[in-house]
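The structure appears right after this line, and notes come after that.
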2 protein chains.
Amino acid sequence: MNIQKFSEITNLSPHTIRYYEKIGLLRNIARNASGHRWFTEKELAWVEFIKRLKDTGMPLDDILKYADLREEGDSTSEQRMQMLQAHAMKLEEKIAEEQFHLQKLKEKIEHYSKLVELEVNA
Amino acid sequence: MNIQKFSEITNLSPHTIRYYEKIGLLRNIARNASGHRWFTEKELAWVEFIKRLKDTGMPLDDILKYADLREEGDSTSEQRMQMLQAHAMKLEEKIAEEQFHLQKLKEKIEHYSKLVELEVNA
DNA sequence: GCTTGACTTAGAGTTGACTCTAAGTTGTAG
DNA sequence: CTACAACTTAGAGTCAACTCTAAGTCAAGC
């Protein structure tokens with residue numbers, strides 16, 4: 001598929017896709033006869049994985065390191081696993097923290113709702 | 001307390017504290033005889049709340065809007081409550097999404113751990 | 001055969017949230 | 001009474017992650 005189609009499916013702008021290629025997140029993208037990028041399922045799966053890492057707070061630099069290891073082949077699978085494990089642990093902590101924040105927010109909202117009730121009945 | 005002490009307690013750098021004052025997140029901060037900022041429990045509670053909103057992904061611009069409403073007094077409490085409710089809902093969605101991502105990450109880790117096991121036994 | 005619109009590139013500009021610099025003032029310790 | 005650390009300000013610089021611009025190429029429809 002061309003960059004437009006790929007952009008629609010991945011929900012990344014063509015700009016962002018080229019940017020990801022420029023910084024090395026996307027590599028060895030095929031080109032058609034007129035020099036336009038040609039994407040396949042392979043890129044789709046990889047980009048979805050990049051998005052997962054990014055959306056859970058991993059910086060692009062770290063994702064880049066993962067991409068480097070990935071390119072080196074199977075000998076780096078243990079390293080990659082360790083990266084993911086460390087990241088998963090951080091994510092678990094982050095979720096726990098957010099759940100705590102959420103509870104505090106709900107308490108504040110409860111406080112407001114009582115306040116507003118008082119105003120209405122005044 | 002002075003800015004140094006306030007910085008230690010809030011875990012924000014003096015730079016950041018001044019920045020927050022400059023953009024209007026912190027207002028009406030008292031000064032001592034020599035013109036230095038003087039913080040109290042009131043600022044502490046407010047800054048902790050700011051941090052909660054920020055740490056759950058609310059942009060400073062939105063927190064600023066909240067600060068504006070807060071300054072207008074009790075008549076805006078319903079609006080503020082609605083802001084918090086909307087934010088809490090988004091946070092709940094975000095947590096759910098992150099939990100989904102976490103599960104997918106764990107599946108990938110599981111996949112790697114099998115791969116690594118194969119390599120070790122090879 | 002010419003316009004239109006999608007593609008290409010290198011590189012500049014933007015945004016959010018800081019973070020630092022320079023130049024100056026003040027309060028305390030030696 | 002002087003050195004020194006902490007404070008003050010306005011404004012410049014940084015960083016991540018885009019996002020856009022300019023200048024150019026190319027295939028398809030009229």
Side-chain angles (χ1 to χ4, degrees), chain A residues 1-40 43 46-68 83 87 90-91 94 101, chain B residues 1-40 43 46-68 83 87 90-91 94 101:
Chain A
M1 72 191 84
N2 64 7
I3 201 168
Q4 194 53 49
K5 193 79 205 300
F6 193 67
S7 161
E8 278 158 28
I9 295 179
T10 60
N11 226 6
L12 297 172
S13 75
H15 277 310
T16 303
I17 294 164
R18 291 190 200 102
Y19 168 71
Y20 278 4
E21 187 186 21
K22 188 155 81 179
I23 67 172
L25 275 186
L26 295 172
R27 302 175 187 194
N28 311 315
I29 297 172
R31 302 287 177 130
N32 67 12
S34 40
H36 296 185
R37 290 170 186 78
W38 195 251
F39 299 88
T40 68
E43 278 80 37
W46 172 231
V47 140
E48 292 305 331
F49 184 61
I50 289 174
K51 281 173 68 186
R52 190 182 312 293
L53 294 179
K54 197 176 71 67
D55 288 351
T56 51
M58 188 184 279
L60 295 191
D61 262 17
D62 289 5
I63 305 179
L64 251 169
K65 270 179 215 138
Y66 188 95
D68 288 343
M83 273 190 80
H87 183 59
K90 276 208 286 188
L91 182 54
K94 195 180 162 206
H101 282 313
Chain B
M1 72 193 85
N2 63 10
I3 202 169
Q4 193 54 48
K5 193 78 206 300
F6 193 67
S7 160
E8 279 159 26
I9 295 179
T10 60
N11 226 6
L12 297 172
S13 77
H15 277 312
T16 304
I17 294 164
R18 291 191 201 102
Y19 168 71
Y20 278 5
E21 188 186 20
K22 187 154 85 180
I23 65 172
L25 274 187
L26 295 171
R27 301 175 187 193
N28 311 316
I29 297 172
R31 300 291 176 129
N32 68 11
S34 40
H36 296 184
R37 290 170 185 79
W38 195 254
F39 299 88
T40 68
E43 278 80 36
W46 170 231
V47 140
E48 291 307 330
F49 184 61
I50 289 174
K51 281 172 68 185
R52 190 184 310 296
L53 293 179
K54 195 178 72 67
D55 288 351
T56 51
M58 189 185 280
L60 294 192
D61 263 17
D62 288 5
I63 306 180
L64 251 169
K65 271 179 214 138
Y66 187 94
D68 288 343
M83 271 190 81
H87 184 58
K90 275 208 287 189
L91 182 54
K94 194 180 161 205
H101 282 315

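So that the names make sense, note that chain A is the first sequence line, chain B the second, and so on, each numbered from 1. All heavy atoms count here, side chains included; hydrogens, waters and symmetry mates do not.
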Between C:dT26 (P) and B:Arg37 (CZ): distance, integer Å
15 Å
With sequence neighbours left out, the residues meeting ring pair (Phe, Tyr, Trp, His ring centres under 6.0 Å) with B:Phe49 are B:Tyr66
Would you call A:Lys51 and A:Glu48 a salt bridge, using N to O less than 4.0 angstrom?
yes
Tell me yes or no: between the side chains of A:Ser7 and A:Gln4, is some donor less than 3.5 Å from an acceptor?
no
Run B:Trp38 and B:Asn2 through side chain to side chain contact (heavy atoms under 4.5 Å, CB included) and show every step you take.
CA-CA 5 Å; B:Trp38 195 254; B:Asn2 63 10; 4.2 Å; yes
Looking at B:Asn28 and B:Glu43, what are the two nearest heavy atoms and their distance?
O-OE2, 4.4 Å
Could you list by number each residue of residues 4-15 of chain B showing a heavy-atom separation from DNA chain C of less than 4.0 Å, or answer none if no residue does?
B:His15
Are any of A:Asn2's side-chain N or O atoms less than 4.0 Å away from OP1 or OP2 of C:dA6?
no
Of all nucleotides in DNA chain D with an atom under 4.0 Å from a non-hydrogen atom of chain B, which is the first and which the last going 5' to 3'?
D:dC7 to D:dG11
Determine the sole option in B:Leu12, B:Thr40, B:Ile17 for which the side chain to side chain contact (heavy atoms under 4.5 Å, CB included) test with B:Phe6 is passed.
B:Ile17
For DNA chain D, which residues of residues 18-32 of chain B approach it to below 4.0 angstrom with any heavy atom?
B:Arg18, B:Lys22, B:Arg31
Sub-3.5 Å donor-acceptor pair from the side chain of A:Trp46 to the main-chain atoms of A:Leu25, do we have one?
yes
Measuring from atom CD1 of B:Ile63 to atom NE2 of B:His87, what distance do you get when rounded to the nearest 0.5 angstrom?
7.5 Å
Output every pair passing salt bridge (charged side-chain N to carboxylate O under 4.0 Å, His left out) with a member in residues 53-63 of chain B, not counting sequence neighbours, ordered by first then second residue.
B:Asp62-B:Lys65
Within residues 51-60 of chain B, those residues having any heavy atom closer than 4.0 Å to DNA chain C are B:Lys54, B:Pro59, B:Leu60
